[in-house]
Novice: 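Here you go, one structure.
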Amino acid sequence: MAILLVLLLPLLSWPSIVSAGGNTFKPADEFLISCGARSLASVPDGRLFKTDHEAQGYLQTKQDILVSVPSADVPSPIYLSARIFKEDATYAFTLKSAGWHWVRLHFFPINNTEFDLRTATFSVNTDKYALLHNFNINNNTEAVLKEYLINMTDPNFSIQFKPLKNSAAFINAIEVVSAPDILISDQATNLFPVNDFAGLNDFGYEVVYRLNMGGPLITSENDTLSRRWVPDKPYLKHEALAKSASVPTSSIKYGPGTSPLIAPATVYASAKQMADSETRIQNFNITWNFVADATFSYVVRLHFCDIVSKTLNDLYFNVYLNGKKAISGLDLSSIEDELAVPYFKDIVVDASLMSNGLAVEVGPMGDETGTRNAILNGLEVFKMSSKVNSLDGVFGVDGEVLEKHRVVTYVGFGLMFGAFIGLGAMVLKWHKRPQDWQKRNSFSSWLLPVHAGDHSFMTSKTSMGSHKTNFYSSTLGLEDNKSPAEAQVIDEHSGTAMFAQFSGLNGRLADKVPDWLAKSAGSDVKPPPELRNLVVKDFSADD
């Protein structure tokens, strides 16, 4: 008996071997690290994470800050300890096999005396992808999982933690695990314009949403690849328009093109379908809404399995993404000529269509297409890496920035630089003003550009009794372009009003305004009392 237990023990303690319906998968690479932990951490699904000491061969850092708590309201013991980095640190791994890998980063801001992890701000990069940019837990008191799917082509893989200046980085647990090639196909369908999309293998992905429609929470204990599927209820736009359907998992029949590695039977054994609207004709859509970053494109994976029909070819429905038809007249029974057969579809949604987030809808096709109903069993939303290989923010690992954001940055710097140049020119002209400028009735001819156009760079309206003057509009050009009334207004008031505006931009000019007012009080050109009082009030509060 003892010999039998010894022989069986390796099989019982290797939960990562998956066997279901003839599909098996054993990850070639499986790095599981419980950062900061001093003893072995076993998660509920049976996997064992290395202690911090056992994983030191992967870590490159000058610091050794380990923190832990005896207990907390967390789903796994891997969140009870953490490593803190106040300087850059790197975990480096040597892979046995190329191909798709899960990269899972676990965060929980445990209480400690080293640093308040709720305020820690940091970035996380791999050799190729920017995973997190200026990430902050935002005072979240719940465990946070960041999950990525990356196609590894180099045997050397590293994860770098970069704390913001005067801040810190931290990590509770790391997973780097091989994923089956069947998980991501290179082909998909583009939402708009509608055409085939090739090249999914060239991107990195962040798993943003993974939902089990109409069913319970699925944890890593019940998933073929240690994934987590959450119920769809929080994302339903109108809960009353949908109802749940379910069948035993034994009813699910995987066909040649599907596998429990794509999604477990628990996902396909439940669904959301149209609720009874108590009307003669069912004519509405079930809608789920999701927050999304419009900087990125997304792959939306839709999981279907007809568990509601009684006969073949009785259920036809449409699928919409952000108001555009993604699938028309879907008849699931016709794919394998059988009911209860899993099917999934990948749709690429371009960033240009994500300005208002993501809306997923299913609805009936028409009046004469069988039962008026629509279903959805599961949903996954993957964020696609950008052109600079970023999955968070606009910067790549090497500092490269997305093109459209680079243009905005350059324009902003250009405008700011131009404003400083223009102001400097005004100051220079003021210092070089003619000695007899007070006798000229107006200094617009020497202070302002001779060819002031209709679209001057500043506009201000000031009310002075019955006069209203647009000081920085086209009236500040050559005076022979103006009516006599306009010229009179400018001659009498432009000097004081102009410096009232410029003094707000430059403290050096502001100091000169009271002196100029005092000198001009006895000259031929006197500013009106209303304007003089306004300027004196603004810049000569001590008088």
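This structure is a prediction, so every number in the text was calculated from the model and none was measured. Count residues from 1 along the sequence.
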Novice: Can you find a heavy atom in the side chain of P264 that is under 4.5 Å from one in the side chain of R227?
Specialist: yes
Novice: Can you tell if the side chain of L376 reaches within under 4.5 Å of the side chain of I286, non-hydrogen atoms only?
Specialist: no
Novice: Give every donor-acceptor pair under 3.5 Å between a side-chain atom in residues 346-355 and any protein atom, sequence neighbours left out.
Specialist:
| unit_1 | atom_1 | unit_2 | atom_2 | d |
| --- | --- | --- | --- | --- |
| D346 | OD1 | R301 | NE | 2.7 |
| D346 | OD2 | R301 | NH2 | 3.0 |
| D350 | OD2 | S352 | N | 2.9 |
| D350 | OD2 | S352 | OG | 2.7 |

Novice: Just grab all the salt bridge (charged side-chain N to carboxylate O under 4.0 Å, His left out) pairs involving residues 70-90, residues at least two apart or on different chains.
Specialist: D52-R83, D64-R83, D88-K162
Novice: Tell me every residue that passes ring pair (Phe, Tyr, Trp, His ring centres under 6.0 Å) with F203, counting only those two or more places apart in sequence or in another chain.
Specialist: none
Novice: Side chains of residues 302-311: which donor-acceptor pairs under 3.5 Å do they make with residues two or more places apart or in other chains?
Specialist:
| unit_1 | atom_1 | unit_2 | atom_2 | d |
| --- | --- | --- | --- | --- |
| H303 | ND1 | Y268 | OH | 2.8 |
| H303 | NE2 | E380 | OE1 | 2.8 |
| D306 | OD1 | V308 | N | 3.2 |
| D306 | OD1 | S309 | N | 3.0 |
| D306 | OD1 | S309 | OG | 3.1 |
| D306 | OD2 | S309 | OG | 2.8 |

Novice: Under 3.5 Å, side-chain donor or acceptor atoms of residues 336-345 against the rest of the protein: list the pairs with distances, not counting sequence neighbours.
Specialist:
| unit_1 | atom_1 | unit_2 | atom_2 | d |
| --- | --- | --- | --- | --- |
| E338 | OE2 | K253 | NZ | 3.3 |
| K345 | NZ | T189 | OG1 | 3.2 |

Novice: Check whether S386 reaches the backbone of S390 with its side chain - one donor and one acceptor, N or O, closer than 3.5 Å.
Specialist: yes
Novice: Restricting to pairs with a member in residues 144-155, which pass salt bridge (charged side-chain N to carboxylate O under 4.0 Å, His left out), not counting sequence neighbours?
Specialist: R104-E147, K146-E206, E147-R210
Novice: Do L225 and F25 come within less than 4.5 Å of each other through their side chains, counting heavy atoms only?
Specialist: yes
Novice: Restricting to side-chain hydrogen bond (donor to acceptor under 3.5 Å, both in side chains), what partner residues turn up for S270, sequence neighbours left out?
Specialist: N212
Novice: Within the 4.5 Å heavy-atom criterion, are V388 and F395 side-chain neighbours or not?
Specialist: no
Novice: Can you list everything that forms a ring pair (Phe, Tyr, Trp, His ring centres under 6.0 Å) with Y316? Sequence neighbours excluded, please.
Specialist: none
Novice: Are the side chains of I159 and V124 in touch, meaning some heavy atoms are under 4.5 Å apart?
Specialist: yes
Novice: Quick test of your reading: applying salt bridge (charged side-chain N to carboxylate O under 4.0 Å, His left out), list the pairs with at least one residue in residues 123-143, sequence neighbours left out, ordered by first then second residue.
Specialist: none
Novice: Is there side-chain contact between N389 and V397, with heavy atoms separated by less than 4.5 Å?
Specialist: no
Novice: Look only at the side chain of T90 and the backbone of A92, and say whether a donor-acceptor pair between them is shorter than 3.5 Å.
Specialist: no
Novice: Does the separation of the ring centres of Y209 and Y235 fall below 6.0 angstrom?
Specialist: yes
Novice: Which of these passes ring pair (Phe, Tyr, Trp, His ring centres under 6.0 Å) with F170: F122, F108, Y79?
Specialist: F122
Novice: Answer yes or no: is there a side-chain heavy-atom contact under 4.5 Å between V74 and I110?
Specialist: no
Novice: For the pair D186 (side chain) and N201 (backbone), establish whether a donor and an acceptor sit closer than 3.5 Å, ignoring hydrogens and angles.
Specialist: yes
Novice: Under the ring pair (Phe, Tyr, Trp, His ring centres under 6.0 Å) rule, collect the residues that match up with F85, sequence neighbours excluded.
Specialist: F161
Novice: What pairs with N285 under side-chain hydrogen bond (donor to acceptor under 3.5 Å, both in side chains), at least two apart in sequence or on another chain?
Specialist: E361
Novice: Are any non-hydrogen side-chain atoms of F157 and H101 less than 4.5 angstrom apart?
Specialist: no
Novice: For residues 129-136, which side-chain N or O atoms pair as donor and acceptor with protein atoms under 3.5 Å away, sequence neighbours left out?
Specialist:
| unit_1 | atom_1 | unit_2 | atom_2 | d |
| --- | --- | --- | --- | --- |
| Y129 | OH | G204 | N | 3.3 |
| N136 | OD1 | N138 | N | 2.5 |
| N136 | ND2 | T119 | O | 3.2 |
| N136 | ND2 | A120 | O | 3.2 |
| N136 | ND2 | T121 | OG1 | 2.9 |

